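Since the structure is predicted, the reported quantities are computational estimates derived from the model, not experimental observations.
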Amino acid sequence: MAAEQDWNENNRKVIDEFRRTGGKGSGGRGPLLLLTTRGAKSGLERVNPLMYSTDGDRFVVLASKGGAAAHPDWYHNLVAHPEVIVEVGAERFSARATTAQGEERARLFNQHAAAMPYFAGFQKKTKRQIPVIILEQIR
């Protein structure tokens with residue numbers, strides 16, 4: 001439980017810095033966005049800082065959880081409630097989240113991991129296939 005509390009506290013600090021600086025700074029690991037989901041069970045809003053890549057005008061995030069055996073809670077939330085809020089830089093917008101499949105999943109995962117190689121390491125750490133999520137702005 002202490003590790004989860006430390007993780008949650010770290011995320012709060014990242015979220016606060018992101019909002020205070022207008023989305024500048026990611027700790028040097030890659031571009032950062034904030035993803036707001038609605039809890040699958042609770043219905044409460046949850047905000048998570050995530051590294052992202054782009055595919056045209058779409059944003060791509062991976063439900064890696066650092067290579068843990070289980071998917072992150074935010075992934076279950078967006079499967080249950082695919083309409084999400086995305087914050088990138090100073091921009092905030094509604095988006096629809098979908099999980100990439102097949103060849104598209106492979107292409108997007110490889111593109112993401114090429115930009116941020118530690119994601120390939122996360123996949124090697126786990127037996128589960130890390131979901132690749134596409135976030136498309138609702139216009």
Side-chain angles (χ1 to χ4, degrees):
M1 185 70 163
E4 184 175 323
Q5 288 173 338
D6 290 346
W7 188 257
N8 289 338
E9 179 59 26
N10 182 62
N11 278 351
R12 275 191 287 279
K13 289 177 183 176
V14 170
I15 292 163
D16 289 346
E17 179 183 357
F18 181 98
R19 289 182 171 154
R20 188 176 61 254
T21 65
K24 294 178 176 58
S26 66
R29 297 202 61 179
L32 184 71
L33 62 74
L34 299 184
L35 178 68
T36 302
T37 59
R38 191 165 15 122
K41 295 177 185 173
S42 70
L44 298 174
E45 282 194 348
R46 306 282 188 217
V47 180
N48 287 278
L50 301 170
M51 296 296 156
Y52 73 90
S53 59
T54 57
D55 184 57
D57 62 353
R58 308 181 310 169
F59 294 89
V60 178
V61 295
L62 274 54
S64 64
K65 199 176 180 182
H71 297 319
D73 291 342
W74 63 261
Y75 177 70
H76 299 290
N77 294 346
L78 68 78
V79 168
H81 305 288
E83 194 165 313
V84 298
I85 303 293
V86 175
E87 295 174 62
V88 178
E91 188 178 4
R92 178 182 166 99
F93 56 87
S94 295
R96 179 155 316 279
T98 57
T99 302
Q101 302 294 327
E103 289 180 16
E104 182 177 43
R105 184 231 172 253
R107 179 180 66 81
L108 294 174
F109 182 90
N110 291 337
Q111 173 183 297
H112 195 89
M116 294 167 275
Y118 46 89
F119 281 99
F122 296 158
Q123 183 61 77
K124 289 177 184 171
K125 283 177 56 175
T126 185
K127 293 180 181 176
R128 70 182 172 92
Q129 184 178 63
I130 292 175
V132 175
I133 297 86
I134 301 165
L135 304 169
E136 293 186 84
Q137 185 171 359
I138 298 172
R139 300 185 192 272

For [X], give me all partners under side chain to side chain donor-acceptor pair (under 3.5 Å), at least two apart in sequence or on another chain.
{"X": "His71", "value": "Arg128"}
{"X": "Thr37", "value": "Asn77"}
{"X": "Thr99", "value": "Tyr75"}

### Task
If a pair satisfies ring pair (Phe, Tyr, Trp, His ring centres under 6.0 Å) and one of its residues is in residues 83-103, list it, with sequence neighbours excluded.
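Listed by first then second residue: Phe59-Phe93.
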### Message
Assess whether a salt bridge exists between Arg12 and Glu9, defined as any Lys/Arg side-chain N lying under 4.0 Å from an Asp/Glu carboxylate O.
### Response
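A salt bridge is present here (some side-chain N lies under 4.0 Å from a carboxylate O).
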### Query
What pairs with Asn110 under side-chain contact (heavy atoms from CB on, under 4.5 Å), at least two apart in sequence or on another chain?
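For Asn110, no residue satisfies side-chain contact (heavy atoms from CB on, under 4.5 Å) once neighbours in sequence are set aside.
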### Query
Arg105: what forms a side-chain contact (heavy atoms from CB on, under 4.5 Å) with it, not counting sequence neighbours?
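Per chain and number, Arg105 pairs via side-chain contact (heavy atoms from CB on, under 4.5 Å) with Ala100, Phe109, Gln123, Gln129, Ile130, Val132.
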### Qualifying side chain to side chain donor-acceptor pair (under 3.5 Å) pairs with a residue from residues 86-96, counting only residues at least two apart or across chains
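Qualifying pairs: Arg19-Glu87, Glu87-Arg92.
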### Task
Side-chain contact test, heavy atoms from C-beta onward, threshold under 4.5 Å: evaluate it for Met51 versus Val61 and give yes or no.
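Contact flag for Met51/Val61 side chains = no.
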### Message
Any non-hydrogen side-chain atom of Val60 less than 4.5 Å from a side-chain atom of Leu135?
### Response
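Result no, sub-4.5 Å side-chain heavy-atom pair not found.
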I need the minimum non-hydrogen distance between [X] and [Y], along with the two atoms involved.
{"X": "Asp55", "Y": "Leu108", "result": "CG-CD2, 3.6 Å"}
{"X": "Ala80", "Y": "Ala40", "result": "CB-CB, 3.7 Å"}
{"X": "Ala97", "Y": "Leu78", "result": "CB-CD1, 3.9 Å"}

### Task
Report the residues that fulfil salt bridge (charged side-chain N to carboxylate O under 4.0 Å, His left out) with Glu45, sequence neighbours left out, ordered by chain and then residue number.
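With neighbours one apart ignored, the set is empty.
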### Task
Please identify each residue that fulfils salt bridge (charged side-chain N to carboxylate O under 4.0 Å, His left out) with Arg139, with sequence neighbours left out.
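Per chain and number, Arg139 pairs via salt bridge (charged side-chain N to carboxylate O under 4.0 Å, His left out) with Asp57.
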### Query
When clusters are formed from ILVMFWY side-chain contacts under 4.5 Å, directly or step by step, what else is grouped with Ile85?
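Cluster partners of Ile85: none, it stands alone.
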### Query
Going through the checks in order, is the side chain to side chain contact (heavy atoms under 4.5 Å, CB included) test met by Thr36 and Val84?
CA-CA 6 Å; Thr36 302; Val84 298; over 6 Å; no
### Task
State plainly whether one hydrophobic cluster holds both Val14 and Val47, where clusters connect Ile, Leu, Val, Met, Phe, Trp and Tyr through side-chain heavy atoms under 4.5 angstrom apart.
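The answer is yes; both residues are in one hydrophobic cluster.
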List the atom pairs, with distances to 0.1 Å, where a side-chain N or O of residues 112-121 and a protein N or O form a donor-acceptor pair under 3.5 Å, not counting sequence neighbours.
| from | atom 1 | to | atom 2 | distance (Å) |
| --- | --- | --- | --- | --- |
| His112 | ND1 | Ser53 | OG | 2.7 |
| Tyr118 | OH | Arg29 | O | 2.5 |

